[in-house]
Amino acid sequence: MNSPTLTDARLELITAARHFYQQGWMVGTAGNLSARLSDGSFWITASGKSKGELAIDDFVRVYPDGKVEQPTKDSKPSAETAIHQVIYNLFPQATSCYHVHSVEANLVSRFVNEDALPLPPLEMLKGLGVWEENPDCVMPIFANHLEVQQIATEIKTRFSNTPPQLPALLIRDHGVTVWAASSTEARNYIELVEYIFRYMVAAQRVFGKEMG
Ligand SMILES: CSCCC(=O)C(=O)COP(=O)(O)O
Ligand SMILES: [Zn+2]
């Protein structure tokens, strides 16, 4: 077991998970968070932990060669580790990868049948790096296969050919994943995409159509 230090990335993940839990985006065991370290390894939430009450030993360290360091022998890496691995391989600047499950993310993932969700041209997109007037922006949507490796492979294939406009992707009927160069940025990205999803659900109620 590694003892925590003042700058231990796991402490940031615990704080972020508690915050997301309080928003209703990481209820029960839903979601997973990771932080990449300078040696290329990353800490990721162990599978099946209550995300509102994570402790320092509720993380597993995954190395670039696939080696896994567990704090206890019954802790396994998140079932969705393959998605974090693909994101870190595709985006070398990313040091944080956060995945949450919100009601709104699942609703908007059903607004279209296609594999991309048109987003309304909200000012909030600037917080996700889109500095354009009336941006024509989409968020990629992936099918929610039982086999997580298949989701990861589809992300790798699609993003290698068509880089996403935003540091975010949706898995239909499942949740959203963001990646960023710091934990603060990743937390902001989750809040921003969740705001956009809430807006889209509200706009659908108010205007009776999707506001993409
Ligand atoms: C009730 S959550 C189902 C699995 C999932 O989608 C998830 O995000 C949590 O899985 P993990 O193995 O990371 O705990
Ligand atoms: Zn999930």
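Start at 1 and go down the list; that is how both ligands and their atoms are numbered.
- Look at Lys67 and Asp65 and you find no salt bridge, because none of the NZ, NE, NH1 or NH2 atoms lies under 4.0 Å from a carboxylate O.
- Looking only at protein heavy atoms, the nearest one to atom 10 (O) of ligand 1 is Asn32 ND2, 3.9 Å.
- A heavy-atom separation below 4.0 Å is found between Thr29 and ligand 1.
- Looking at Thr81, its side chain does come within 3.5 Å of a backbone N or O of Ser78 through a donor-acceptor pair.
- Excluding water, every protein N/O/S atom under 2.8 Å from the Zn ion (ligand 2) is given here by residue and atom: Glu80 OE1, His99 NE2, His101 NE2, His174 NE2.
- Distance check: Asn188 CG to Tyr195 OH gives 15.0 Å after rounding to the nearest 0.5 Å.
- With sequence neighbours excluded, no residue satisfies side-chain hydrogen bond (donor to acceptor under 3.5 Å, both in side chains) with Thr162.
- Closest protein heavy atom to atom 12 (O) of ligand 1: Ser47 OG, 2.6 Å.
- Of all protein heavy atoms, the one closest to atom 3 (C) of ligand 1 is His101 CE1, 4.3 Å.
- No donor-acceptor pair under 3.5 Å is formed between the side chain of Glu194 and the backbone N or O of Val176.
- Looking at Pro77, Ala79, Gly28, Ser78 and measuring to atom 13 (O) of ligand 1, the nearest heavy atom belongs to Ser78.
- The backbone N or O of His174 sits less than 3.5 Å from a side-chain atom of Asn106, completing a donor-acceptor pair.
- Those atoms of ligand 1 with a heavy atom of His99 less than 4.0 angstrom away are 8 (O).
- Judged as a salt bridge (Lys or Arg N to Asp or Glu O under 4.0 Å), and not counting sequence neighbours, Arg198 has no contacts.
- Between His174 and ligand 1, a contact under 3.5 Å exists for at least one N or O pair.
- Two rings, from Phe159 and Phe142, have their centers less than 6.0 Å apart.
- Residue nearest to atom 14 (O) of ligand 1, selected from Ser34, Gly48, Gly31: Gly48 (by heavy-atom distance).
- Atoms of ligand 1 lying under 4.0 Å from any heavy atom of Lys51, numbered from 1 in the order shown and given with element: 14 (O).
- The NZ atom of Lys49 lies 9.0 Å from the CG atom of Leu54; values are rounded to the nearest 0.5 Å.
- One distance of note links CD1 of Ile56 with CG of Leu13; it measures 9.0 Å at 0.5 Å rounding.
- The ligand atoms of ligand 1 that sit less than 4.0 angstrom from a heavy atom of Ala30 are 2 (S).
- Near Glu80, the atoms of ligand 1 lying under 4.0 angstrom from a non-hydrogen atom of the residue are 5 (C), 6 (O), 7 (C), 8 (O).
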Donor-acceptor contacts under 3.5 Å from residues 84-91 side chains, at least two apart:
unit_1: His84; atom_1: ND1; unit_2: Ser34; atom_2: OG; d: 2.8
unit_1: His84; atom_1: NE2; unit_2: Asn32; atom_2: OD1; d: 2.8
unit_1: Tyr88; atom_1: OH; unit_2: Ser34; atom_2: O; d: 3.3
unit_1: Tyr88; atom_1: OH; unit_2: Ser34; atom_2: OG; d: 2.7
unit_1: Tyr88; atom_1: OH; unit_2: Cys97; atom_2: N; d: 3.2
unit_1: Asn89; atom_1: ND2; unit_2: Gln85; atom_2: O; d: 3.3

